[in-house]
Amino acid sequence: MAKEQYDHKKVEEDSRALWSQLDLYNTDLSNTEKDPYYLLVEFPYPSGDLHTGHWYAYAMPDIYARYLRMKGKNVLFPFGFDAFGLPAENAAIKRGLDPKEWTYANMDTMRTQVKNMGVSFDWDKEVITCDPEYYKWTQWLFSKLYEHKLAERREAAVKWCPKDQTVLANEQVLNGHCERCGTEVEEKFLTQWFLKITQYAKRLLTDLDPLPWREEIKEAQRAWIGESEGAKISFPLKNIALEDLEVFVEVFTTRPETIFGVTYIVLAPEHPLLPTLMPAVLNTEEVEAYKLATTKKTERERSENKEKTGVKLEGVFAYNPATLDVVPVYVADYVLASYGTGAVMAVPAHDERDFEFATRQNQLSAQTQQHHLIFDFDGVLGDTFEKVLLAQVAMGNVPDIETARNHVLNYASKKPHHARDHSLTPEELQYNYDWTDKFGEILHANGIELFTEFVDEIIKIPNAKIAVVTSGSVKYVGPAIENSKLNPSHVLTFEDHHSKEEKVERIARDWGVNLNEISYFTDTKADYYELETILDQKKIFGCAWGFLGADVLEEVMPRSQILENYSDIHTVVKSLESNKSAGTMLSIKQVVVPCSVDQINPPQDGLEDVKRDTVVVHLRDKSTGKFALLNWHGTLEGITTAIMGGIEEGQTPEEAALAEIHEEAGLEGVQIIHTAPWVTAAKYCASHKGQNRTAHAYGFIAEVENLSNQKETTEYEQKTHTLTWVDESEVLSSLTPAHQKQIWEILHSENALTTDGYLINSGEFDGRDSQEAMSDILDSTGAERVTQYRIRDWLISRQRYWGCPIPVVYDPEGNPHLVPAEHLPWTLPTDVDFSPTGKSPLATSKELHERVERIFGKGWTPEYDTLDVFVDSSWYYARYLDSKNQTDFSNQAVMKQWLPVDRYTGGAEHTTVHLLYSRFFYKALYDMALVPTPEPFIERFNRGIILGPDGQKMSKSKGNVVNPDALVQEFGADAVRMYLAFIGPYNEPGSYPWNLGGVESMRKFLDRIYRLSNKVTDSSTTDEFTLALGKAAAKIGGDIEKFKFNTAIAALMILVRDLESFTEIPRTTYRELLLLLAPFAPHLSESLWHVSGGTEQSIHSTVWPHQDMSFTEELATIIIQINSKKKGEITIEREATEETVLGLAREIEAVNNVLGSDSSARVIYVPGRILNIVTSVSSTSNCTTPLI
RNA sequence: GCCGCGGUGAUGAAAUUGGUAAACAUAGGGGACUCAAAAUCCCCUGUCGGUAACGGCUUGUGGGUUCAAGUCCCACCCGCGGCACCA
């Protein structure tokens, strides 16, 4: 009589002894009779302790390995150690241990622990990367890569971990921190070894597509490789005199079609061209300071600082090959030196980052350079003069206005002379002013009003320092100044003989500002000419205030525009500068118009396409905050839009907007408060005109003070639409046409416009689709189409000790040479100082130096760096196939049979590091005909993470670590394995909190199977048992193949529960149950196998029960539904006809009622599944109990 | 921000790929055996109404397609993961 519980310690010991005696898992790789299957787990770093994660990593694939063997496969399931790495070295530094001894001792411990899990690894194939037998071949493969120009030594900016005192590969830097220790990485410029993974970027990408991996793994790799299609465009550079510098900046862009919108060029601070350009740069100090500041910043600081910084290269310009414009050149660290060409063409209108930079740059220049305003009226105002002249006529001093004007012109003819010749004495000048004296009193009377009005506006300009310059005619302006809001500090008084130069210099001195920070408003042509030689032309604002030279000054800025805008100096500057691309302010020029197609009236084929300019105005009622919308009637019934209409000939968009508000809403006195930054378009068919239209829309937000003086609109307007007011939050959802929604969104966006559309402001390409025109634009600019990758070459040098020595030596001239194959393995010296100094520990080895000189000659020196450990692990799966081979890295014949790996399981953290490196390495070997296939792994499963019972990641500091050893002691290895298998699906990226009761419940389940042996008899099996076993075997087998161990165990539980309901179980049935249990609980199943049968053979070398197909035809449960609600069920042969089922279903009262009362009832029958009766008659009657 | 994956009871999770939602467990409740406890066995356990038979509702939210939707389509919300100034 069996006991209640099994003795897991004895069971496990006995089983292990048997397996070792039978040498069960030593795979014969040369066996060609059985189908080979290569199951690979990521080999561990020998840290010395085995935790829950290791159990999960090895015991789960073991279920599959055991299952596959039972299915008759020749399974290779090898194990080894990724034994080079920092912890060994740190143990050496901290505790004075020998890294080698420490590592080998840890491996001994881990081997025992792994064996206690009952994992069926083939230890015979074991690989240890720090073993010279292994790293000899790592070195040999490195040599091959070097010979094929895939390994290269070069100087580059590299990531440096100050804590680990070594460089890191890009893949080992997470968010600017060292992946291993979390220390913030620094940037250094060093000569290091690289593997040219970038050459394989394209193939790593395309070969990914057919792999049956989970999408998130493939996506992660794709993102890491980061392919983008674009073009390289060359911009010639010019100096301040716009002479060619014979230097070209090449930029990379993915949107070459926006080249007409380029307003500046940006170079990365590390751009190699920069030193060449410096002689042409005027502000060298500023540029050097910026470069220094950025190189001091860490990568993290650079990207954390959201504000984009940069400096302009004064005196250097780039020539846009498309627009033939000259644009400024900046140095800014938002451009990365290591990507593309390290330079970009900035299109602020259509690129988010350029937009940010340009906006910020414009804000800065507005702040720093527009603060000092000078208004110089020379004492006379043009409009005043007109009034004065009229007054003179009226008073009879002159007969007519013509005569009056001639007096004035006579005066004026002397003015330019006096302005240029400052040798005139005040006495001499006095003569010229006699004429003006005559007008003095009248000026006094009439001039004040206009001046005061002007000053009132000027004074509102925020943060502006204002000076009003008066001159000899101060006696006329003086009273005006007194009458205005100006105070004495606003006024500087000069004599007429003072030149403009003197004036400006004094202003600068008195205010303590730079000349280039002064903006000058003047009113005369003469002043303008003279100022030109002193001030930057762009800072002079002629406003045609004076009565002369209006023609010239109006060209600079029309007076009407000044009047319109002078309350906002930023607007003045912006609109002025947008006309001059080389100005201080960066223009933001839209070249792509997003275009939507009207859904209700789409354009029709064969009609003429007419362009039309329209306005779309969102009118806001200031008192309620509601917005006006139009509900259209007639043919446009159901459409809701904002106020809208066409722009008539000669109208500005603003004028049109105000006119439409008047027409459609009957409102006046409306203010435009916001203008959409971008023009959008819609295509539709104007069927009444028989034409297709492309409507450009200028969006506006306008505001109305009050609705009290709203007037009736015309009858026509009233008929076509109704005006409604809605809350701001409802506007977007109320608008019906997509284009209207788009305008609303653009009115509220402060971003660049990154969508596609058609081109404007693009010369000959205007009107063409931006995507379609791209290739023609490329051709016209002589651009080169290129594909760029984000991935960088793999930096493999490490300034550490415990790694594979790079098999390179340097001749006395410093040139690298491979260590010849006969000297491999190029062994790691032992006489070294481990302490991390930033220099490689190998440099301290006397033995290494002597070895090099002995072999290669005097003056030759060794390479001191060791290889990144990821090189070691990039090919270990090939070594498993012939791990003891002395003459080759593996075995070609065996590789041909066994590679690629059929299924590779591991952690998600290796997706972009180990997995990508391995694929690259393997492809490189494939190209050298060293491995048989281009991809190393057919399937890749990333396992989930086991969390602590608190749902947090297990860590010693949190005290939530589950120790598997203690659980194994108490419940046995099989229970721990099964609990892990049951916790959830393995091949999903989830995470599972450890449930403390879980292992115990699994143990109880195992005990139930153990106790079931009490019921075993030698009676022969019945169909019932055969059917149940067959079903379970198929289900469990299928689930194991999919790594859905949780549902496999559920099926096993159901089987056990069913068997428990019998008082007697046939021996064959019980033994088949044990077979199904074997992959999950290898020890217990082995033990029970022998107890119940007495065979000498291991259960793990027997065959998985197959489902007897003659028992698969079974009854099906058919669900009877009325209107898709379950009313009962019928168990019947799977193939039963509709009539049969319906006949039986009639016995359900509800069904019968329906079929009796509703002759139109429809019946849907899916054989083996469902019978659904669809009726409009409600089946209120209660249904009877289900039938058989 | 972009990309990917996901969202189902108190919890881990199932669901023949469009066909009985919640299998199998854990936790909880009740019972049997026992002087008692452990062990073992049995029953209940999505939610609302009802003593019950039974009925209504329910797979993040809102729509849609369909005889039928956790599963398909559209919009949105939330969580996790990857990339992130990559032009």
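Proteins come first, then strands; the chains are lettered A, B, ... in the order of their sequence lines, and each starts at number 1.
Here, B:C24 and B:C43 have their P atoms 11 Å apart, quoted to the whole Å. Remark: the separation of the C1' atoms in B:C48 and B:C41 is 33 Å, to the nearest Å. B:G9 sits 15 Å from B:G62 when the P atoms are compared, rounded to a whole Å. Across B:U26 and B:U20, the matching P atoms stand 26 Å from one another, rounded to whole Å. Taking atom P in both B:A13 and B:C83, one finds a spacing of 24 Å when rounded to whole Å. Between the P atoms of B:C73 and B:U65, the separation comes to 15 Å (whole Å). Rounded to whole Å, the separation between the P atoms of B:U51 and B:U58 comes to 24 Å. Comparing the same atom, P, in B:A75 and in B:C3 gives a spacing of 13 Å after rounding to whole Å.
When the C1' atom of B:C24 is taken as reference, atom OH of A:Y979 falls 14 Å away, rounded to whole Å. Between the CD1 atom of A:I1173 and the C1' atom of B:A68 there is a distance of 14 Å, given to the nearest Å. Note: CH2 (A:W213) to C1' (B:G4) measures 16 Å, nearest angstrom. The distance from atom CZ of A:F355 to atom C1' of B:A87 is 17 Å, rounded to the nearest whole Å. Atom CE in A:M1002 sits about 12 Å away from atom P in B:A27, given to the nearest Å. Between the CZ atom of A:R1169 and the P atom of B:U71 there is a distance of 17 Å, rounded to whole Å. In this structure, the CG atom of A:L267 is 16 Å from the C1' atom of B:C85, given to the nearest Å. Rounded to whole angstrom, the span from the CD1 atom of A:I1122 across to the P atom of B:G19 amounts to 21 Å.
A:V1174 comes within contact range of the sugar-phosphate backbone alone, with a heavy-atom separation under 4.0 Å but no base atom that close. Among the protein residues, A:R792 comes within range of the nucleic acid bases, having at least one heavy atom under 4.0 Å from a base atom. Residue contacts for A:K1125: at a heavy-atom cut-off of 4.0 Å it reaches the sugar-phosphate backbone alone, with no base atom in range. When heavy atoms are screened at a 4.0 angstrom cut-off, A:E352 is found touching no nucleic acid atom at all. Backbone-only contact: A:S228 has heavy atoms under 4.0 Å from sugar-phosphate atoms and none from a base. Nucleic acid contact class of A:F252 (heavy atoms, under 4.0 Å, all strands): base. Nucleic acid contact class of A:R222 (heavy atoms, under 4.0 Å, all strands): none.
A sub-4.0 Å separation between OP1 or OP2 of B:A25 and a side-chain N or O of A:R1003 is absent. Distances shorter than 4.0 Å separate none of the side-chain N or O atoms of A:K1044 from OP1 or OP2 on B:C24. Regarding contacts with the backbone of B:C41, every side-chain N or O of A:K1004 stays at 4.0 angstrom or more from both OP1 and OP2. For A:N1046, no side-chain nitrogen or oxygen approaches OP1 or OP2 of B:G12 to under 4.0 Å. For B:A87, neither phosphate oxygen OP1 nor OP2 lies less than 4.0 angstrom from any side-chain nitrogen or oxygen of A:Y334.
Counting only heavy atoms from C-beta on, A:E216 has its side chain closest to B:G4 among B:U20, B:G4, B:C24. Residue A:R1011 has its side chain nearest to B:U40 when only B:C67, B:A84, B:U40 are considered. The side chain of A:S1124 lies closest to B:C67 when the candidates are B:C67, B:C83, B:G19. Here the nucleotide nearest the side chain of A:I1054, chosen from B:C85, B:G4, B:A23, is B:A23. When each of B:C67, B:C41, B:C83 is scored by its nearest atom to the side-chain atoms of A:T912, the top-ranked nucleotide is B:C83. Of the listed nucleotides (B:A25, B:A14, B:C3), B:A25 has the atom at the smallest distance from the side chain of A:R1008. Checking B:G19, B:G4, B:A13 against every side-chain atom of A:P985, the shortest atom distance belongs to B:A13. The side chain of A:T1047 lies closest to B:A23, out of B:A87, B:A23, B:U40. For A:L336, the listed nucleotide lying nearest its side chain is B:A87; candidates were B:G82, B:A87, B:G12. Among the nucleotides B:A15, B:A23, B:G12, the one closest to the side chain of A:A1050 is B:A23.
Each of A:D1039 and A:I1119 lies near RNA chain B, and the nucleotide nearest A:D1039 is the one positioned closer to the 5' end. Heavy-atom nearest nucleotides on RNA chain B were determined for A:I1049 and for A:E227, and the one closer to the 5' end corresponds to A:I1049.
A salt bridge links A:K1035 to A:D1039: at least one charged side-chain nitrogen sits closer than 4.0 Å to a carboxylate oxygen. Salt-bridge formation is not detected for the pair A:E1000/A:R1003: no Lys NZ or Arg NE/NH1/NH2 atom is positioned less than 4.0 Å from an Asp or Glu carboxylate oxygen. Using a cutoff of 4.0 Å between basic side-chain nitrogens and carboxylate oxygens, A:R222 and A:E215 are scored as salt-bridged.
The side-chain contact (heavy atoms from CB on, under 4.5 Å) test with A:V249 is passed by exactly one of A:V329, A:I265, A:V344: A:I265.
Judged by distance alone, the side chain of A:T781 and the main-chain N or O of A:P321 form no donor-acceptor pair under 3.5 Å.
Classification of B:G70 as anti follows from a glycosidic angle more than 90° from 0.
A side-chain donor-acceptor contact under 3.5 Å links A:Y339 and A:S228. Defined by atom type and a distance below 3.5 Å, a donor-acceptor pair is present between the side-chain atoms of A:Y334 and A:D354.
Separation of the A:Y979 and A:F971 ring centroids does not fall under the 6.0 Å cut-off.
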